[in-house]
2 protein chains.
Amino acid sequence: MFDNPQGARSLWCDGGMPTHDEPVADTGTAVGRARSRASHSLDSVLAEAVALLDESGVAGLTIRALAARLGGGPASIYWYVSGRDELLDMAADSILARVFASVQDVGGGDPVDDLRTIAVALFDAIVDRPWLGAYALRDTGTQPHSLRLYEKIGEQTMLLELTPTQRFNATSAVVGFVIGVAADMGHELPEEVVSGEVSREKYLDRATEAWRSLDPGEFPFIHHIVEEFAHHSDRAQFCAGLDLLLAGIRMQARA
Amino acid sequence: MFDNPQGARSLWCDGGMPTHDEPVADTGTAVGRARSRASHSLDSVLAEAVALLDESGVAGLTIRALAARLGGGPASIYWYVSGRDELLDMAADSILARVFASVQDVGGGDPVDDLRTIAVALFDAIVDRPWLGAYALRDTGTQPHSLRLYEKIGEQTMLLELTPTQRFNATSAVVGFVIGVAADMGHELPEEVVSGEVSREKYLDRATEAWRSLDPGEFPFIHHIVEEFAHHSDRAQFCAGLDLLLAGIRMQARA
DNA sequence: ACCTGAACACCGTTCAAGT
DNA sequence: ACCTGAACACCGTTCAAGT
């Protein structure tokens, strides 16, 4: 699969780094065997779509490339999905289903800690698959597992002494934070890093160099944190920010 | 901070609702007048790109549509930008320039309050122009005003008793939160609302109806907050979440 | 220096027709 | 029920040529 260049050197977020599951076994899309007629299934369409997204990002998922992979013509895809947008939504939801499954049993501990566990699981999934950032938890109507994940996060807030409005706001804040930061970190890398031809270290080095060359008078903050930037871990940074938000939620629950 | 349990609108965030500026006057792209040769400028290219984005979103900004608007051929655009991606980045940055200008003089008050003022200004800009969500503060290398805005936010944290790492993390958390929540709220609307053919109220009503019909045993949280959802304001919700994050930052600065 | 014309290599989507 | 073939109406990008 693709390697995740940053190690799990987190103190606050101690979950293991995620790795891709293998795509669901394709159900009879025999590659190479010559057939007169291709035959897919929604599962194989989504699994192949996910594989394509993992390999070459959102731009790489074309109806035609997907069809070719499945051994059929472009039009065949439209039997399973209404169009490319729905395909993206459903592909994202198929991954969210796994995320949900992995946190289904979370609960019973400290509600804020459980909230963090769920948030981190979602973050890891998006970092692992940057394309998820733009499509995860987008439409609870079309994405059943977006809804379940939102519900799951919200349920933790119900164990805190908050008003319904406060719970609603806290839940949306956590979801927004996770998606936002993860998406940001995902597409911060300009495609040469994604494809693996430039290492993350080298990319950070170049950015660091550019920052160092800025006028210190005009950019005091940049200069103040350039060393932290040079050696930072996205995951640790996410966890630090999440903990700030969770601290605010905890404080509100105590007031 | 949390003395208002209803999270009432505009007690914390009291800026006025934003409206579009008119696009910068086009510099000699004479519409209707018949000319043998079109003549643009980077400014007019970006202004027209922004107008196109405002009218019909990211998908609506095609090189060909932009060129037609400017009265020339598609190839002429490539004199000013290297491609569509750079066009999007620069168009976003041209708006971020205005955001930066509007908060340039913020400072001197309570650092956390100033942080909030800047964050809200950025949020408003993205809500006003949902396409910004995906392109704002994406590449500080290509987007000079992304960098300045990041610097401006970071400078406020320098007035707090934090370590450099904590300042770096707090700044990134605020930026991530704003972009994430704003982007989420922006593309939560499925294009029929954006175009204005379905009102936001009607859309919320339909979503609310769907949520009410869910099994209360399986979705206790959704049922718990469905009434708040039905009447919520995106902006108030954003402000409530931002205040949770800022409370966490303030708390860390006191520790 | 800046734009045109025309082409290349793609796209998503539709739809009658096949099996 | 599910897929094929072929078309339609687009795309971004390139490049020699013009002015």
Side-chain angles (χ1 to χ4, degrees), chain A residues 26-31 33-49 52-53 55-92 131 134-135 142 190-192, chain B residues 26-31 33-49 52-53 55-92 131 134-135 142 190-192:
Chain A
D26 51 356
T27 63
T29 65
V31 184
R33 210 187 323 155
R35 309 119 310 143
S36 50
R37 211 153 186 266
S39 169
H40 326 138
S41 70
L42 181 56
D43 277 351
S44 64
V45 166
L46 295 183
E48 234 39 70
L52 218 35
L53 286 163
E55 285 168 27
S56 34
V58 175
L61 177 61
T62 65
I63 299 286
R64 297 171 118 102
L66 177 58
R69 244 180 131 99
L70 289 162
S76 67
I77 305 299
Y78 289 83
W79 183 257
Y80 298 96
V81 295
S82 69
R84 189 173 179 264
D85 275 347
E86 189 177 288
L87 177 64
L88 251 350
D89 272 350
M90 293 181 81
W131 55 269
Y135 295 92
T142 324
E191 97 186 289
E192 49 197 1
Chain B
D26 51 354
T27 63
T29 65
V31 183
R33 210 185 326 153
R35 308 120 310 142
S36 50
R37 211 152 186 265
S39 170
H40 326 138
S41 70
L42 181 56
D43 276 351
S44 65
V45 167
L46 295 183
E48 233 40 69
L52 218 35
L53 285 163
E55 284 168 28
S56 33
V58 176
L61 177 61
T62 65
I63 299 286
R64 296 172 119 102
L66 178 59
R69 244 181 131 100
L70 290 162
S76 67
I77 305 298
Y78 289 85
W79 183 258
Y80 298 96
V81 296
S82 69
R84 188 174 179 265
D85 274 346
E86 189 176 288
L87 177 63
L88 252 349
D89 272 350
M90 293 181 81
W131 56 268
Y135 294 93
T142 324
E191 96 185 289
E192 49 197 1

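Since the model is a prediction, treat every value here as computed from it, not as a measurement.
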| field | CA sep, side-chain torsions, deciding dist, call: Leu87(A), Tyr80(A), side-chain contact (heavy atoms from CB on, under 4.5 Å) | value | CA-CA 9 Å; Leu87(A) 177 64; Tyr80(A) 298 96; over 6 Å; no
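- Remark: DNA chain D forms stems of 3 or more consecutive Watson-Crick or G-U wobble pairs, all pair distances under 3.5 Å, at C:4-8 with D:12-16, C:12-16 with D:4-8.
- Leu87(B) has its CG atom 10 Å from the P atom of dG12(D), to the nearest Å.
- The CZ atom of Arg69(B) sits 10.0 Å away from atom CG of Leu61(B), with the distance rounded to the nearest 0.5 Å.
- Qualifying side-chain hydrogen bond (donor to acceptor under 3.5 Å, both in side chains) partners for Thr62(A), counting only residues two or more places apart in sequence or in other chains: none.
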For nucleotides 14-19 of chain D, which of its nitrogen or oxygen atoms have a protein nitrogen or oxygen under 3.5 Å away, and what is each distance?
unit_1  : atom_1 : unit_2   : atom_2 : d
dG18(D) : N2     : Arg37(B) : NH2    : 2.2

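- For Ala68(B), the side chain to side chain contact (heavy atoms under 4.5 Å, CB included) test picks out no residue, with sequence neighbours left out.
- Between Leu70(A) atom CG and dC3(D) atom C1' there is a gap of 12 Å when expressed in whole angstrom units.
- Distances shown here put a side-chain N or O of Tyr80(A) below 4.0 Å from the OP1 or OP2 atom of dC3(D).
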Identify all pairs in which a protein N or O lies below 3.5 Å from an N or O of nucleotides 8-11 of chain D, and state each distance.
none

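- Residues Leu46(A) and Leu42(A) are in side-chain contact: their nearest non-hydrogen atoms beyond the backbone lie under 4.5 Å apart.
- Distance CZ/Arg84(B) to CD1/Ile77(B): 12.5 Å, rounded to 0.5 Å.
- Rounded to whole Å, the distance from CD1 on Ile77(B) to P on dC3(C) is 9 Å.
- Residues Asp89(B) and Val81(B) have side chains not in contact (no heavy-atom distance under 4.5 Å, counting atoms from C-beta outward).
- The backbone N or O of His40(B) lies less than 3.5 Å from no partner atom in the side chain of Ser44(B), so there is not a single donor-acceptor pair.
- Here OH of Tyr135(B) is found 8.5 Å from CG of Leu53(B). Values are rounded to the nearest 0.5 Å.
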| Where do Leu70(B) and Ser76(B) land on the side-chain contact (heavy atoms from CB on, under 4.5 Å) test, with the steps shown first? | CA-CA 10 Å; Leu70(B) 290 162; Ser76(B) 67; over 6 Å; no
